[in-house]
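What follows is a single structure, written as structure tokens, with notes after it.
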2 protein chains.
Amino acid sequence: MRGYDAVDRSLLTALAADPRATVVALADRLELSRNTVQARMSRLEASGAFLSFERSIDPVPLGFPLEAFISVHVQQKRLADVVDEIAEIPEVIQAHGLSGSVDLLVRVVCRDAHDLFRIDRDILAIDGVERTETSLAMGELIPFRLRPLLDRRG
Amino acid sequence: MRGYDAVDRSLLTALAADPRATVVALADRLELSRNTVQARMSRLEASGAFLSFERSIDPVPLGFPLEAFISVHVQQKRLADVVDEIAEIPEVIQAHGLSGSVDLLVRVVCRDAHDLFRIDRDILAIDGVERTETSLAMGELIPFRLRPLLDRRG
DNA sequence: ACGAGGACTGGGCAACATGCTCAATCGTCC
DNA sequence: GGACGATTGAGCATGTTGCCCAGTCCTCGT
């Protein structure tokens with residue numbers, strides 16, 4: 001299933017406003033019948049509209065107040081191995097392969113600056129890694145959001 | 001409330017495995033009483049452990065298969081204004097302020113390359129923006145995860 | 001204009017979940 | 001020992017879920 005209609009989008013929006021809303025509550029708010037909401041929800045679920053719930057957990061109260069992005073330059077041929085090794089570091093919470101001069105954008109959280117230093121060192125020590133550049137995230141200036149996208153006509 | 005104990009972490013882990021699990025189901029799985037789970041959940045909720053549900057929605061089925069990171073160099077003094085203007089672009093789903101040579105790391109999704117080109121142009125046109133560098137995300141090589149962190153001793 | 005297919009609706013029903021309260025138990029800390 | 005907080009099991013009224021059904025409404029293609 002690709003592309004959602006207005007009903008799907010408003011369902012997602014309503015869910016964003018209240019993630020644990022019941023089907024009945026959603027039906028009420030959207031002025032749809034309970035059956036419709038139930039059917040839509042199963043379809044959304046089945047179509048893979050939802051990512052892991054882990055994305056909705058805040059690392060800060062877990063004790064990781066610092067976030068950083070580490071740009072990694074890699075010997076291309078060893079990219080897969082490098083990724084495997086980076087994945088072993090628990091503080092790495094995400095990594096994207098990029099086009100362009102930087103090969104890998106690694107997102108990490110840590111307890112303090114010392115922690116970050118260590119993680120960077122660990123990545124540099126990996127065979128195939130040529131260079132890294134660490135940027136401390138000073139804040140999420142635009143917090144993750146999909147609403148503007150959801151609110152537009154599809 | 002800062003810092004969760006083992007019970008909190010296993011609750012979060014269990015929730016990650018099944019985001020819409022009922023309190024009863026969680027109690028079962030963790031071999032806790034229903035009351036305990038209910039109490040913990042309210043505390044987690046109240047302590048701000050959960051981020052917006054939007055983070056758990058996949059932009060791809062919404063019709064945005066392409067993701068990119070745009071590094072933005074800004075005249076420092078105008079940073080706030082630049083962020084405000086960037087926030088007007090719906091395809092911008094997140095932005096971090098960074099330490100280092102890049103001031104702003106903007107995460108965007110788009111329908112196609114043409115779309116991306118337009119967004120980059122829009123950002124460049126903003127007063128106070130000096131330079132941008134666009135990197136297309138070739139894939140989420142390490143999908144967002146907190147489990148390794150959750151699984152460790154707190 | 002007709003019928004078919006799909007989505008939506010309202011009704012009903014049994015099984016289950018929730019939110020709440022209570023009394024009892026268990027550790028830990030002073 | 002005594003006090004405190006966390007946990008437990010029980011109970012209860014109310015709300016929710018998952019399911020099924022029949023009826024309606026739209027949109028298609030013919």
Side-chain angles (χ1 to χ4, degrees), chain A residues 1-63 146 149-154, chain B residues 1-63 146 149-154:
Chain A
M1 182 212 210
R2 77 217 82 271
Y4 301 142
D5 65 8
V7 176
D8 292 310
R9 287 197 304 271
S10 52
L11 244 178
L12 291 174
T13 308
L15 263 179
D18 179 5
R20 295 190 80 80
T22 67
V23 173
V24 183
L26 293 171
D28 252 42
R29 175 179 315 205
L30 302 185
E31 313 204 279
L32 293 170
S33 89
R34 184 170 75 89
N35 281 334
T36 304
V37 173
Q38 217 145 349
R40 293 290 186 143
M41 284 291 290
S42 335
R43 261 198 293 158
L44 286 174
E45 180 91 53
S47 72
F50 302 132
L51 297 167
S52 156
F53 172 77
E54 283 173 89
R55 300 192 190 236
S56 295
I57 301 175
D58 188 351
V60 174
L62 280 172
L146 287 179
L149 243 33
L150 288 168
D151 288 347
R152 290 203 317 191
R153 299 305 72 220
Chain B
M1 181 212 212
R2 79 216 80 272
Y4 302 142
D5 64 8
V7 176
D8 292 310
R9 288 197 304 271
S10 53
L11 244 178
L12 291 174
T13 308
L15 264 177
D18 178 5
R20 297 189 78 80
T22 67
V23 172
V24 183
L26 293 170
D28 252 41
R29 173 178 319 205
L30 302 186
E31 313 203 277
L32 293 171
S33 88
R34 185 169 74 89
N35 280 337
T36 304
V37 173
Q38 216 145 347
R40 295 289 186 144
M41 285 291 288
S42 332
R43 262 198 292 158
L44 286 174
E45 180 91 56
S47 72
F50 302 133
L51 298 167
S52 156
F53 172 78
E54 284 173 87
R55 299 194 191 235
S56 295
I57 302 175
D58 189 351
V60 173
L62 280 170
L146 287 179
L149 244 31
L150 287 168
D151 288 346
R152 290 204 316 190
R153 298 308 69 220

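So you know, we letter chains A, B, ... as the sequences are listed, proteins then strands, and number each from 1. Because only heavy atoms are used, hydrogens play no part in the values below, and waters and symmetry mates are left out as well, while side chains stay in.
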Atom-pair distance ([atom1] on [X]; [atom2] on [N]), nearest Å:
X: A/M41; N: D/dT16; atom1: CE; atom2: C1'; result: 13 Å
X: A/N35; N: D/dC25; atom1: CG; atom2: P; result: 17 Å
X: B/Q38; N: D/dG9; atom1: CD; atom2: P; result: 14 Å
X: B/L26; N: D/dT8; atom1: CG; atom2: C1'; result: 17 Å
X: A/E45; N: D/dG18; atom1: CD; atom2: P; result: 10 Å

Is there side-chain contact between [X] and [Y], with heavy atoms separated by less than 4.5 Å?
X: A/I57; Y: B/L15; answer: no
X: B/L44; Y: B/Y4; answer: yes
X: A/L51; Y: B/R55; answer: no

Nucleotide interval of DNA chain C bounded by contacts with chain B (heavy-atom cut-off, under 4.0 Å): C/dA17 to C/dT21
Please evaluate the base of D/dG11 for a donor-acceptor partner in the side chain of B/R34 within a cut-off of under 3.5 Å? yes
Please tell me if B/S33 has a side-chain N or O lying less than 4.0 Å from either OP1 or OP2 of D/dT8. yes
Rounded at 0.5 Å granularity, tell me how far CG in B/D18 sits from CG in B/L26. 7.5 Å
With the threshold set at 4.0 Å, does a side-chain nitrogen-carboxylate oxygen contact exist between A/D5 and A/R40? yes
Starting from the 5' end of DNA chain C, give me the residue, A/A39 or B/V24, whose nearest nucleotide shows up first. A/A39
Mark yes or no for whether A/E54, through its side chain, and B/A16, through its backbone, hold a donor-acceptor pair below 3.5 Å. no
